[in-house]
Each structure stands twice: as C-alpha cells, then as structure tokens.
There are 2 protein chains.
Amino acid sequence: MAIPRAAKTQRRTRIQEEKEERILEAALDVFSSSGFRGSTIDQIADAAGMSKPNLLYYFRTKEAIHRQLIDRVLFTWLEPLRAFDAEGDPEAEIRSYIRRKLEMARDFPRESRLFANEILQGAPHIEDELKGPLKELVDEKAEVIRAWARAGKIAACDPYHLIFSIWATTQHYADFDVQVRAVLGQEAAGEGRFEDAARFLEQLYMNGLRVGAD
Amino acid sequence: MAIPRAAKTQRRTRIQEEKEERILEAALDVFSSSGFRGSTIDQIADAAGMSKPNLLYYFRTKEAIHRQLIDRVLFTWLEPLRAFDAEGDPEAEIRSYIRRKLEMARDFPRESRLFANEILQGAPHIEDELKGPLKELVDEKAEVIRAWARAGKIAACDPYHLIFSIWATTQHYADFDVQVRAVLGQEAAGEGRFEDAARFLEQLYMNGLRVGAD
DNA sequence: GTAATGTTTTACCAATCGGTCAAATTATCG
DNA sequence: CGATAATTTGACCGATTGGTAAAACATTAC
C-alpha cells in the first residue's frame with residue numbers, strides 16, 4: 001500500500017524527485033502564462049506528460065504546486081537585492097544590481113511572470129511574505145542607500161522608490177516581453193534589446209543619482 | 001420576438017446603454033483582478049447584479065466583453081503619449097508625461113491591471129494592435145525624442161528604452177500596488193506615495209537626461 | 001388598448017473543473 | 001524468487017464552466 005503523502009518527506013525516491021521536478025517545471029510554464037485561477041491541473045499534467053491522478057499523487061492540490069513554486073521563486077528572486085553591499089562602492093553596487101536584475105529578466109522570464117501574475121491578482125497566497133521578509137529586506141537596503149546619500153556618495157533620494165523603479169524597469173523586459181518585442185519590431189527585437197536596455201538604464205541611473213543636482 | 005443581436009447597433013435603447021455600461025464596469029473589476037481565463041461570466045453577472053443569461057443577451061460571449069473593454073482602455077491609455085508635443089520644451093514634456101502616467105496609475109488602476117494581465121499572458125487578443133497602431137505611435141514619438149537629443153536639448157539615449165522605462169515605473173504603482181503597499185508599510189502607504197513617486201521619478205529623469213553626461 | 005418589440009427568467013446542456021478511489025502495475029529489497 | 005512498498009491507471013464524483021432555448025414579462029409605438 002502507498003505511504004500516506006504526509007509521511008513522504010522521510011525519504012524521497014529517485015522517481016519522486018524526478019517527477020516532482022517535472023511537475024514543477026511544467027507548472028511554471030502554465031502558471032506563468034495563465035495565472036493561478038486561469039490554469040488547470042489537466043494543463044499541467046499534460047505539459048508534464050503524465051495523467052492527472054498521477055500528478056495528484058505527488059501534489060495533493062493545485063494550491064500545493066503553486067505554493068511550492070512561489071516559495072522557490074521568491075527566494076532566488078531576492079538574491080540580487082540581498083547581495084547589495086553596504087561596504088561597496090555605491091555606483092558599482094547599483095550598476096551591478098541593475099545588471100543582475102536584467103539578466104534574471106532575460107534568463108528567467110517565466111519566474112518573473114509567475115511572480116507578476118501573483119502580485120497583479122492581489123497576492124492572495126503571499127501577502128504575509130511581502131509584509132514580512134520582503135519588507136524587512138527592503139527596509140534594510142533602504143537604510144544602506146540613505147546612508148550613502150547622507151555621506152554624499154549619491155544624490156539624496158527616496159530609497160524605496162529607487163528600488164521600486166529598478167524592479168519595475170528591469171522586470172518589465174520579462175513581464176511585458178510581448179509588448180517590447182511588438183514595439184521594437186522584428187529587426188530590433190533580437191537579444192540585443194537586453195544590452196540596449198542595460199546601457200540605457202545604467203546611463204539613466206548613473207546620471208540621475210549623481211551628486212550635486214537640483 | 002427579440003431582434004437578432006447583430007442588428008442591434010441600429011438604434012440603442014436607454015436600457016441597453018445602461019446595462020452594457022454596468023456590465024463593462026463589472027467586467028473591468030473581474031478581469032483586472034483575475035485575468036481573462038481566470039474570470040467567469042457568473043462572476044461578472046453577479047458583480048453587475050444580473051443573471052448570466054441576461055448578461056449574455058447584451059454580450060454574446062465572454063470574449064466580446066473583454067474585447068470591448070480592451071479596445072476602450074487601449075485608446076485612453078495612450079492618450080498621454082499622444083499628447084507628447086514635439087514643439088514643446090523637452091524637459092517639460094517628459095516631466096508632464098511622467099506626471100500624467102502616474103495620475104492614471106493612481107486614478108485608473110483597474111485599467112492598468114487589465115492591460116497588464118493581457119500582456120503578461122501573451123497578449124493573445126491584442127497582438128495586432130501592439131504591432132500596428134501602438135508601434136507606429138511609439139516610433140513617431142521616438143523620432144521626436146531623437147530629434148531633441150540631436151539638437152542637444154537632452155542627453156543622447158535610446159528613445160525606445162526611455163519610453164519603456166517610463167511605462168514600467170509609472171504603471172508599477174498600479175500593477176504592483178499590493179507589493180508597494182506591503183513594502184512601504186501601513187504608515188507610509190497613504191496616498192502620499194504617489195507624490196513621493198512623482199518627486200523621485202522627476203528627479204531621476206531630469207538629472208538622468210541632462211545634457212553633458214558621460 | 002393592442003400589437004410589436006425589447007428584456008428577463010427558468011430550465012437546461014455538454015464540457016470541463018478539482019479531486020477521489022480502488023484496482024492494476026511496477027520498482028525495490030531480502 | 002517472493003513479498004512489500006511505490007507508482008500509475010481508468011473510472012468516476014459533484015460542482016462549475018460557457019452558453020442556449022423558449023417562454024414569461026415589460027416597454028414602446030401606433
């Protein structure tokens with residue numbers, strides 16, 4: 001008889017690891033392009049190449065898949081912000097933060113869209129994470145930025161809105177990819193658009209945050 | 001007997017106008033917070049305070065409601081960009097564009113989220129509009145910006161990514177509202193956040209686009 | 001008023017939704 | 001090998017999905 005799923009964490013089979021990975025991979029595709037409510041277990045099962053009951057053997061509910069996916073993404077997603085170093089050179093830190101966020105938008109667009117879908121729809125599953133760990137991390141880094149401004153290393157500015165604007169501009173290239181491609185047109189929409197974006201954003205932020213502005 | 005719905009455009013009843021308006025208003029609520037696939041006709045009918053068959057008397061399909069909603073929003077959404085004036089003062093034009101986009105994010109967040117949901121999910125219903133009218137409008141305004149740069153009125157920069165970045169930063173306050181509120185916390189999340197955002201963005205862009213940077 | 005038109009409701013449909021169950025199958029271990 | 005545990009399947013469930021048919025009801029035009 002099958003072990004009840006609650007006790008499964010004790011030792012994980014090779015098959016378990018493989019299948020769970022395949023399910024999460026498929027679910028990332030589906031959830032990121034249809035949102036939670038718009039996705040169905042059948043779609044995920046199809047994409048993972050297995051039957052629905054088989055999928056439900058590994059994850060009890062649709063919510064369980066989504067939850068695990070979101071938890072994973074949330075962690076890796078904040079990695080660049082965590083790397084923000086108070087001891088480093090402000091210009092270099094901000095520049096490298098922008099570059100890393102842009103690389104993530106380029107290399108992990110599905111993860112970005114999964115997250116965007118969740119927030120757009122009111123973040124029903126992760127409000128606590130936003131108000132807790134995320135807020136604390138941003139508060140900490142905002143203080144770093146404020147200290148840089150006080151020390152005269154960058155222009156005085158609202159650190160929260162600075163962070164928001166970097167999030168917005170970089171993730172835009174993942175979340176609004178279709179629009180970006182449509183506007184740039186076929187010729188200009190090659191992967192070069194990420195380099196162009198990086199150049200533009202670095203220019204904008206380096207000049208915009210330079211000391212001694214009105 | 002009821003007139004076939006295809007012929008209804010001839011003359012519109014008072015009741016027709018009222019009900020259609022109520023349906024679109026309700027649908028804006030529902031679609032903007034659940035996306036197209038995640039929304040149901042029942043939800044919209046409930047929100048509009050009428051029965052499902054009654055709603056379907058005015059709009060034949062779910063798609064028809066969504067389509068009309070998107071068409072409306074798309075038009076008003078581009079109004080600020082259309083107002084971009086080649087003859088005006090570059091700094092003032094950009095500043096006022098940012099301000100207007102920010103006001104729209106504040107006053108019409110549902111419209112912004114409807115649009116974001118659509119793009120996020122691959123823009124299945126409006127790809128043509130993006131590649132056609134939208135691209136043309138952006139192309140035109142990009143040329144204006146390039147001319148300003150050539151005339152030495154603003155720093156040389158990629159006009160497309162400039163526009164993208166303004167879209168991203170302003171719409172962020174509508175689309176990612178939950179996250180913005182969560183991070184700012186209860187005290188700072190009053191409506192003042194839009195003024196803070198405006199101040200930050202104007203500072204960023206005015207300094208960032210100033211002539212004579214590296 | 002009455003006839004034609006416009007609107008709303010009730011009852012319903014097939015398809016799909018998330019999820020369960022027991023039986024059949026396969027892998028693992030001694 | 002045999003036994004035991006892990007995995008997969010097919011058949012199924014009640015609820016919900018988008019949408020229809022027809023009749024009841026309301027409104028308008030004459």
Side-chain angles (χ1 to χ4, degrees), chain A residues 1-24 26-27 29-31 33-70 121 124-125, chain B residues 1-24 26-27 29-31 33-70 121 124-125:
Chain A
M1 190 189 291
I3 286 179
R5 273 170 286 218
K8 254 186 5 184
T9 38
Q10 299 233 340
R11 208 202 299 179
R12 300 197 21 195
T13 317
R14 168 186 52 86
I15 297 181
Q16 261 174 49
E17 291 205 38
E18 279 178 20
K19 292 290 167 78
E20 285 180 13
E21 211 46 52
R22 256 172 59 193
I23 292 169
L24 288 173
D29 260 354
V30 176
F31 281 137
S33 66
S34 299
F36 180 76
R37 286 194 248 190
S39 304
T40 72
I41 299 183
D42 292 88
Q43 285 172 356
I44 300 172
D46 273 3
M50 62 181 75
S51 67
K52 178 167 63 171
N54 196 6
L55 180 151
L56 286 165
Y57 172 74
Y58 294 102
F59 291 89
R60 265 203 289 262
T61 63
K62 190 169 100 167
E63 254 107 355
I65 311 174
H66 190 254
R67 156 62 61 177
Q68 186 155 335
L69 218 43
I70 287 270
Q121 313 203 348
H125 306 93
Chain B
M1 192 190 290
I3 287 179
R5 272 169 289 217
K8 254 187 4 185
T9 38
Q10 300 232 342
R11 209 201 300 179
R12 299 198 20 193
T13 317
R14 167 187 52 87
I15 297 182
Q16 262 175 46
E17 290 206 37
E18 281 177 20
K19 292 289 167 78
E20 285 179 12
E21 211 45 53
R22 257 171 59 193
I23 292 169
L24 288 173
D29 259 355
V30 176
F31 280 137
S33 66
S34 298
F36 180 76
R37 285 193 248 190
S39 304
T40 72
I41 300 184
D42 292 271
Q43 285 172 355
I44 300 171
D46 272 3
M50 62 180 77
S51 69
K52 179 167 61 172
N54 195 6
L55 180 150
L56 286 165
Y57 172 73
Y58 294 102
F59 291 90
R60 264 204 288 264
T61 64
K62 189 168 102 169
E63 253 108 355
I65 313 175
H66 189 254
R67 159 59 63 177
Q68 187 154 334
L69 217 43
I70 286 268
Q121 313 203 347
H125 306 94

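Chain letters run A, B, ... following the sequence lines, proteins first and then strands; every chain starts at 1.
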Open item on the list: Which residues pass the side-chain hydrogen bond (donor to acceptor under 3.5 Å, both in side chains) test with A/S33, not counting sequence neighbours?
Closed with: none
- [ ] Round to the nearest Å and state the distance from A/L55 atom CG to D/dG10 atom P.
- [x] 16 Å
Which donor-acceptor pairs under 3.5 Å do the side chains of residues 43-55 of chain B make with protein atoms, sequence neighbours left out?
from, atom 1, to, atom 2, distance (Å)
B/Q43, OE1, B/T40, N, 3.4
B/S51, OG, B/N54, N, 3.3

Task: Atom-to-atom span, NZ of A/K19 to P of C/dT26 - whole angstrom - done: 12 Å
Task: salt bridge (Lys or Arg N to Asp or Glu O under 4.0 Å) involving A/R22 - partner list, sequence neighbours excluded - done: none
Open item on the list: If I take atom CZ in residue A/F59 and atom P in nucleotide D/dT7, what distance separates them, rounded to the nearest angstrom?
Closed with: 13 Å
- [ ] Measure from the side-chain heavy atoms of B/P53 and tell me the nearest of D/dG10, C/dT7, D/dA21.
- [x] D/dA21
Task: Rounded distance (nearest 0.5 Å) linking atom CZ of A/F36 with atom CG of A/L69 - done: 11.0 Å
TODO: Measure from CZ on B/R60 to C1' on D/dA21 and round the result to the nearest Å.
DONE: 16 Å
TODO: Indicate the ring-plane relationship of A/H66 and A/F31, choosing parallel, tilted or perpendicular according to the 30° and 60° boundaries.
DONE: perpendicular
Task: d(CG, A/N54; P, D/dA11) in whole Å - done: 16 Å
TODO: Please report, rounded to the nearest Å, how far the P atom of C/dA27 is from the CD atom of A/E18.
DONE: 12 Å
Task: Side chain to side chain, B/L24 and B/Q68, heavy atoms closer than 4.5 Å - done: yes
- [ ] Return the set of residues passing side-chain hydrogen bond (donor to acceptor under 3.5 Å, both in side chains) with B/S34 (not counting sequence neighbours), or none when no residue passes.
- [x] A/R37
TODO: Starting from P on D/dG18, measure out to NE2 on B/H66 and report it in whole angstrom.
DONE: 13 Å
- [ ] For C/dT7, take OP1 and OP2 only and decide whether either is under 4.0 Å from a side-chain N or O of B/Q16.
- [x] yes
Open item on the list: Looking at every non-hydrogen atom in both residues, tell me the closest pair between B/G35 and B/S39 and how far apart they are.
Closed with: O-OG, 2.6 Å
Open item on the list: It should be established whether B/Y57 places a side-chain nitrogen or oxygen under 4.0 Å from OP1 or OP2 of nucleotide C/dT8.
Closed with: no
Taking only N/O atoms, report every protein-nucleotides 15-18 of chain C pair under 3.5 Å with atom names and distance.
from, atom 1, to, atom 2, distance (Å)
C/dG18, OP1, A/S39, O, 3.2
C/dG18, OP1, A/K62, NZ, 3.1
C/dG18, OP2, A/I41, N, 3.0
C/dG18, N7, A/K52, NZ, 3.0

Can you name the atoms? Protein N/O to nucleotides 23-28 of chain D N/O, anything below 3.5 Å, with the distance.
from, atom 1, to, atom 2, distance (Å)
D/dT28, OP1, B/R14, NH2, 3.2

Task: Rounded distance in Å - CD (B/E20) to P (C/dT8) - done: 11 Å
Open item on the list: For D/dT8 and A/S51 - does any side-chain N or O of the residue sit under 4.0 Å from the phosphate oxygens OP1/OP2?
Closed with: no
Open item on the list: Are the side chains of B/K19 and B/Y57 in contact, using a 4.5 Å heavy-atom criterion?
Closed with: no
